[in-house]
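Reminder, nothing fancy here: chain letters follow the sequence lines and each chain counts from 1. Quantities reported herein were computed from a predicted structural model and do not represent experimental measurements.
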Amino acid sequence: MLELSLLRENAELVIERLAIKRVDARETVKKILEADLNRRETQKLLDDNLAESNQIAREVGNLFKEGRQQEANDLKARSAELKIAARDLSEKLDALQKEQNDLLVTLPNLPHPETPLGHLPEHNVTIYSEGEIPDLGENALPHWELTSKYDIIDFELGVKLTGAGFPVYKGQGARLQRALINFFVNEGVDAGYLEIQPPLMVNEASAYATGQLPDKDSQMYHADLDNFYLIPTAEVPVTNIYRDLLLKETDFPIKNVAYSQCFRREAGSYGKDVRGLNRLHQFDKVEIVQIQHPDRSYAALEDMKAHVTGLVRKLELPFRILRLCGGDMSFTSALTYDFEVFSAAQKRWLEVSSVSNFESFQANRMKLRFKDSTGKTRLAHTLNGSALALPRIVAALLENNQTPEGIRIPKALVPYTGFEWIK
RNA sequence: GGAGAGGUGGCCGAGUUGGUCGAUGGCGCACGCCUGGAAAGUGUGUAUACCUCAAAAGGGUAUCAUGGGUUCGAAUCCCAUCCUCUCCGCCA
């Protein structure tokens with residue numbers, strides 16, 4: 001969530017920037033500031049009340065010691081009055097705090113000034129593209145046919161075991177999964193990221209801190225008995241490692257890479273978007289996360305973008321990088337780069353990574369702070385990106401590399417797969 | 001799952017016949033003294049949030065797992081929840 005101090009000091013800027021995300025924040029900002037003013041007044045009244053109560057308690061103690069029962073009892077009466085007033089004030093304060101907080105969490109993060117205007121996919125700006133789009137001719141097969149032709153991924157079997165969107169990987173398909181995971185994790189480790197294996201289930205506090213709750217409740221699988229959520233991305237447990245921490249400036253940069261399975265209910269999806277590997281309920285992803293000093297978070301974002309570029313390049317896939325427009329960017333992001341690979345039989349671009357700087361938006365909700373060189377406590381910046389998500393990479397690899405002899409594995413992967421062809 | 005013990009500041013650890021306890025002490029850390037330099041020694045300081053204040057200083061409030069209760073007053077008493085440890089049971 002946004003920092004309250006920013007709203008107090010520069011409400012106009014907030015309103016102006018949020019308009020880029022097509023949010024009219026005028027009314028909300030006004031209400032927040034009203035609640036804030038009210039809250040502070042109430043707090044002052046309550047504090048004064050409690051101060052007097054504490055004073056009386058001390059005096060009563062002394063009077064009893066001196067045996068002055070009558071005076072002590074008189075003071076007790078005053079204390080009872082204060083207590084009733086304090087209860088009311090305290091309830092009012094809680095209500096105001098809740099009101100303010102509830103309003104504050106409805107405001108998305110401010111988009112970075114470089115964010116393109118617009119709200120449609122065509123308003124996203126392609127800032128880079130690379131690689132040849134292969135001409136596969138007329139007989140090219142989409143990946144969902146290739147997977148059954150070579151018997152490497154079984155969608156129907158997944159339906160039998162669980163349901164749609166839970167494919168079963170077999171033989172060379174399973175091996176390819178392991179190869180990609182190891183390749184991505186190793187590349188991350190080589191780039192200085194600490195490898196993390198997080199839990200795949202998190203508690204309510206964690207889901208709230210990274211913003212999945214309360215908004216995206218229906219997008220997560222939930223274990224009722226223990227009130228745990230299956231993670232939709234490793235971002236959730238990994239970022240939560242740093243929840244409620246007060247870091248030192250020398251702790252930066254924090255760089256983590258984590259492989260995990262991800263679970264998403266994807267309620268409301270349909271059509272060609274969910275065909276084959278395009279959208280699954282369970283999938284594999286390697287995520288990179290950085291916790292950074294605010295002065296260096298944008299440099300870190302560029303680093304992460306370069307890292308992901310390296311991965312896609314080594315896989316020899318044609319790709320492009322988009323800077324997302326305000327309306328297409330996530331609630332929490334300040335600046336996002338999307339990576340898309342071209343899946344040549346489907347003839348469409350598939351998003352395989354989203355690299356974002358959240359600035360202090362997540363850190364504020366999570367209370368992730370650090371002491372700067374002057375001893376002041378400030379919010380850290382958080383960033384994350386997929387590096388990479390497997391299914392669509394697999395879809396593009398299968399489609400783009402299909403030949404009459406089989407499917408060719410890119411050179412960089414061969415040491416991991418142990419084979420050069422899927423046959 | 002059953003029985004028991006316990007959760008105090010960055011860490012360890014006092015404090016549980018309720019009373020100036022945000023909390024003795026030690027370690028760690030920071031700065032200073034000492035030293036040619038260091039170690040040892042020694043001195044001082046060392047939580048977080050909110051409010052107040054133009055700012056700093058200062059002041060107020062809250063926080064001893066979390067939430068509630070008793071009381072003029074709670075780290076200390078009561079209740080609930082969460083978590084940790086030990087033993088038993090079960091088990092990859």
Side-chain angles (χ1 to χ4, degrees), chain A residues 1-10 32-105 197 199-209 213 222-229 237 240-252 254 261 360 363-380:
Chain A
M1 61 186 171
L2 292 173
E3 294 178 59
L4 186 59
S5 56
L6 180 67
L7 285 171
R8 277 192 204 155
E9 286 156 20
N10 208 340
I32 290 172
L33 292 177
E34 277 169 11
D36 187 45
L37 209 62
N38 214 338
R39 190 198 103 235
R40 284 146 79 185
E41 268 171 31
T42 308
Q43 168 118 37
K44 183 84 183 87
L45 291 173
L46 178 62
D47 284 357
D48 290 347
N49 174 308
L50 293 175
E52 190 180 344
S53 293
N54 287 342
Q55 180 60 30
I56 288 173
R58 280 190 287 268
E59 283 172 28
V60 169
N62 290 332
L63 290 172
F64 272 124
K65 271 184 209 154
E66 292 166 18
R68 295 153 74 179
Q69 304 281 342
Q70 186 53 49
E71 289 167 69
N73 285 330
D74 291 347
L75 273 179
K76 277 193 192 178
R78 171 63 182 153
S79 183
E81 283 171 32
L82 286 170
K83 204 168 174 177
I84 291 165
R87 186 180 290 265
D88 289 347
L89 286 168
S90 173
E91 275 170 20
K92 190 178 169 193
L93 185 65
D94 287 348
L96 285 166
Q97 246 153 11
K98 186 177 184 310
E99 183 190 338
Q100 187 176 23
N101 192 63
D102 288 352
L103 287 166
L104 207 48
V105 298
Q197 271 200 29
L200 301 184
M201 291 181 141
V202 294
N203 58 30
E204 224 175 328
S206 295
Y208 178 81
L213 291 179
H222 182 249
D224 286 327
L225 212 51
D226 296 294
N227 196 23
F228 292 154
Y229 292 87
N240 268 285
I241 292 172
Y242 307 97
R243 164 154 55 90
D244 289 325
L245 289 189
L246 185 55
L247 302 170
K248 295 191 287 282
E249 211 166 29
T250 49
D251 292 332
F252 296 126
I254 291 171
Q261 313 243 10
S360 62
N364 191 27
R365 190 187 270 226
M366 285 204 296
K367 306 224 181 332
L368 165 50
R369 298 156 303 160
F370 72 101
K371 279 225 188 287
D372 72 12
S373 47
T374 66
K376 203 177 152 213
T377 302
R378 299 170 64 188
L379 291 168

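Among the atoms of the strands shown, none is found under 4.0 Å from any heavy atom of R68(A). L50(A) comes within contact range of the sugar-phosphate backbone alone, with a heavy-atom separation under 4.0 Å but no base atom that close. Using a 4.0 Å heavy-atom criterion, one finds that R78(A) contacts no nucleic acid atom at all. T377(A) comes within contact range of the sugar-phosphate backbone alone, with a heavy-atom separation under 4.0 Å but no base atom that close.
One can place CZ of R39(A) at 18 Å from P of U61(B), the figure rounded to the nearest angstrom. Rounded to whole Å, atom P of C51(B) lies 13 Å from atom CD of E41(A). Look at CG on L82(A): it is 13 Å from C1' on G73(B), rounded to the nearest Å. Between the C1' atom of G1(B) and the CG atom of L225(A) lies a distance of 13 Å, rounded to the nearest Å. When rounded to the nearest whole Å, the span between CG of L46(A) and P of U52(B) equals 13 Å. Atom CZ of R378(A) and atom P of U48(B) are 16 Å apart (whole Å).
Under a 4.0 Å N-O distance rule, the pair K98(A)/D102(A) qualifies as a salt bridge. Note on E52(A) versus R78(A): salt bridge recorded, some NZ/NE/NH1/NH2 to OD/OE distance being below 4.0 Å. A salt bridge is absent between K44(A) and E41(A); no separation between the charged side-chain nitrogens and carboxylate oxygens falls under 4.0 Å. Checked for salt-bridge contact, D36(A) and R40(A) meet the test: a charged N lies under 4.0 Å from a carboxylate O.
Applying the 6.0 Å contact sphere to CZ of R87(A) captures no more than 12 heavy atoms from other residues, nucleotides or ligands. Environment of CD in Q197(A): sparse, with no more than 12 heavy atoms of neighbouring residues, nucleotides or ligands closer than 6.0 Å.
As rounded to the nearest Å, U71(B) and A65(B) have C1' atoms that lie 23 Å from one another. Between U17(B) and U66(B), the distance separating the two C1' atoms is 28 Å to the nearest Å. To the nearest whole angstrom, the two P atoms, one in A14(B) and one in U8(B), are 11 Å apart. A distance of about 7 Å separates the P atoms of G22(B) and A75(B), rounded to the whole Å. Taking atom P on both nucleotides, G32(B) is separated from A23(B) by 27 Å, rounded to a whole Å. Rounded to the nearest Å, the gap between the C1' atom of A30(B) and that of G10(B) is 13 Å. Of the P atoms belonging to U61(B) and G7(B), the separation is 28 Å, rounded to the nearest Å. Atom name C1', nucleotides G2(B) and G89(B): the rounded distance is 8 Å, in whole Å.
Between K83(A) and the phosphate of G73(B), there is a side-chain N or O to OP1/OP2 separation shorter than 4.0 Å. Applying the 4.0 Å criterion to OP1 and OP2 of G69(B), one finds that R87(A) has a side-chain N or O inside that range. Here R369(A) does not reach the OP1 or OP2 of U48(B): none of its side-chain N or O atoms lies under 4.0 Å away. Contact between the side-chain N/O atoms of N54(A) and the OP1/OP2 oxygens of G73(B) is not found at any separation under 4.0 Å.
Of the candidates C72(B), U48(B), C51(B), the closest approach to any side-chain atom of Q43(A) belongs to C51(B). Set against U48(B), G60(B), U52(B), the side chain of K371(A) has U48(B) as its closest nucleotide.
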Does the side chain to side chain contact (heavy atoms under 4.5 Å, CB included) test come out yes or no for L96(A) and T42(A), once each step is laid out?
CA-CA 9 Å; L96(A) 285 166; T42(A) 308; 3.5 Å; yes

Is there a side-chain hydrogen bond (donor to acceptor under 3.5 Å, both in side chains) between N38(A) and E34(A)? Walk through the geometry before answering.
CA-CA 6 Å; N38(A) 214 338; E34(A) 277 169 11; over 6 Å; no

* Walk me through it: do Y208(A) and V202(A) pass the test side chain to side chain contact (heavy atoms under 4.5 Å, CB included)? => CA-CA 10 Å; Y208(A) 178 81; V202(A) 294; over 6 Å; no

- Query: When you look at E249(A) and K371(A), which way does the side chain to side chain contact (heavy atoms under 4.5 Å, CB included) test go after all the steps?
  - Reply: CA-CA 6 Å; E249(A) 211 166 29; K371(A) 279 225 188 287; over 6 Å; no

Go through it in stages, so that I can follow the logic: the residues are R369(A) and L245(A), the test is side chain to side chain contact (heavy atoms under 4.5 Å, CB included), and I'd like the CA-CA distance, side-chain angles, deciding distance and then a yes or no. CA-CA 6 Å; R369(A) 298 156 303 160; L245(A) 289 189; over 6 Å; no

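Here the side chain of N364(A) pairs a donor or acceptor atom with the backbone of L2(A) at under 3.5 angstrom. Checked by atom type and distance alone, the side chain of N62(A) never pairs as donor or acceptor with a backbone atom of E59(A) at under 3.5 Å.
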Base-pair string, RNA chain B, Watson-Crick plus G-U, cut-off 3.5 Å on both distances, | for inter-strand, is ((((((((.[[[..)...(.....]]]((((((.......))))))((((((.....)))))).[[[[[..)....]]]]])))))))....

Please enumerate all protein N or O atoms sitting under 3.5 Å from an N or O of nucleotides 19-21 of chain B, with distances to 0.1 Å.
unit_1 : atom_1 : unit_2 : atom_2 : d
G19(B) : N2     : A57(A) : O      : 2.9
U20(B) : O4     : N62(A) : OD1    : 3.4

Could you run down the sub-3.5 Å N/O contacts of the protein with nucleotides 55-58 of chain B?
none

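Closest-nucleotide positions on RNA chain B for Q55(A) and L246(A) were compared, and the one nearer the 5' end corresponds to L246(A).
Using cut-offs of 30° and 60° for the angle between ring planes, the F252(A) and F370(A) rings count as perpendicular.
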